[in-house]
Amino acid sequence: MEDIFKQLTQLIKNCEKVIFMTHQNMDLDGFASILALSEIVSSFKKDNYILIDSKIKNTGVNKSLKKLEEENLNYNYIYKKDVLKILTDNTLLIILDVHRPSMVEMPTLINKTNNIVIIDHHIKCKQYIQNTILSYLNSNMSSTIEIIVGYLKYLNKKVSPIVATMMLAGMEIDTNSFNVKTTAATYNTAAFLSDIGADNILKQELLKEDKDDYLLRQKYIQNSYMLNENTAICTLDNKIVDNNILAQIAEELLQFDNVEIAYCIGYINKSQVGISARSIGKYNVEPIMKDLGGGGHMTEAATQIKNVNIESALNMLMNELDKDEVN
Ligand SMILES: [Mn+2]
């Protein structure tokens, strides 16, 4: 890892400016990792820009943006429509928390430059961004934040307490409150962030949610059921919901007795059904989602299936589960 950090430092020092990008529907792992790296890049006296969507959906990210504004902490945010205007031959594009080209915030940006660095903690998928000058993928890491904290330690640098707080919140989300993908290194990362001033009260505020969203999930969870001795299923109605809702429901099902694997199925738009899969870490849910056209991690994976209804998506899932049992 030291070698990667050494190369990254050289690339930052040698470039003219940096543009940061994460995946579509930016979350706190991606955003807080970017904020931390932005502080690092600024300390090297390099201009840097954070590519953001004009309509951010993630509540944690929105709350963080508002908090940073209130505290007069100004980062250079840039929208897709303006990013090509600032891109030069010597601009470094650092992509965080994603490595699949179709999933990045602005896929067309990838073909506009070869100065690409990728730092991610997802299991390597078939389609990955190939024209990189540096790529670090480590799926043993709980979060991208854990990698970035490694870089801070390597550089012997800190970030501002407010960014440390956002990083801690991001880790908490990616690990489902330090339950999955959590190792001694994960706790050490949290301890480091706490040491440099992460604020537990602000962290809770960033993670708070809308009561109506909570109640909606509980309504669906009431109708969830056990498929067998360790697998819970929750199917939604015809309402179109955000992908995140499916993920959150599957995650929440894991807290109940006997549930070791959970699936949540629902419409994510008119013609697409999403399946979100979660596991406490005893079983790998990634192969099943992969067989259904998706991907992910051992403990969290998902897929989107076109032109099916919930019932047929459920049938497809059951077939895959049956196959798995036979094997
Ligand atoms: Mn992540």
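Only a predicted model underlies this, so the values are computations on that prediction, with no experimental measurement involved. First listed ligand is number 1; within each ligand, the first listed atom is number 1.
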[X]: its N/O/S atom lying closest to the Mn ion (ligand 1) (atom name):
{"X": "H121", "value": "NE2"}
{"X": "D97", "value": "OD1"}
{"X": "D29", "value": "OD2"}

Looking only at side chains, do E146 and T186 share a donor and an acceptor under 3.5 Å apart?
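On atom types as modelled, these side chains qualify, holding a pair under 3.5 Å.
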Report the relative orientation of the aromatic rings in F178 and Y187; use parallel for angles under 30°, tilted for 30 to 60°, perpendicular for over 60°.
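Parallel: the ring planes of F178 and Y187 meet at under 30°.
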Should the pair Y154 and Y151 be assigned to parallel (<30°), tilted (30 to 60°) or perpendicular (>60°) ring geometry?
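The rings of Y154 and Y151 lie parallel, inter-plane angle below 30°.
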Taking 2.8 Å as the cut-off, does an N/O/S atom of D174 lie below it from the Mn ion (ligand 1)?
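For D174, the answer is yes, given that an N, O or S atom comes within less than 2.8 Å of the Mn ion (ligand 1).
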Kindly write out the residues that satisfy side-chain hydrogen bond (donor to acceptor under 3.5 Å, both in side chains) with K46, not counting sequence neighbours, or none if the list is empty.
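Partners of K46 by the side-chain hydrogen bond (donor to acceptor under 3.5 Å, both in side chains) criterion come out as none, since no residue qualifies.
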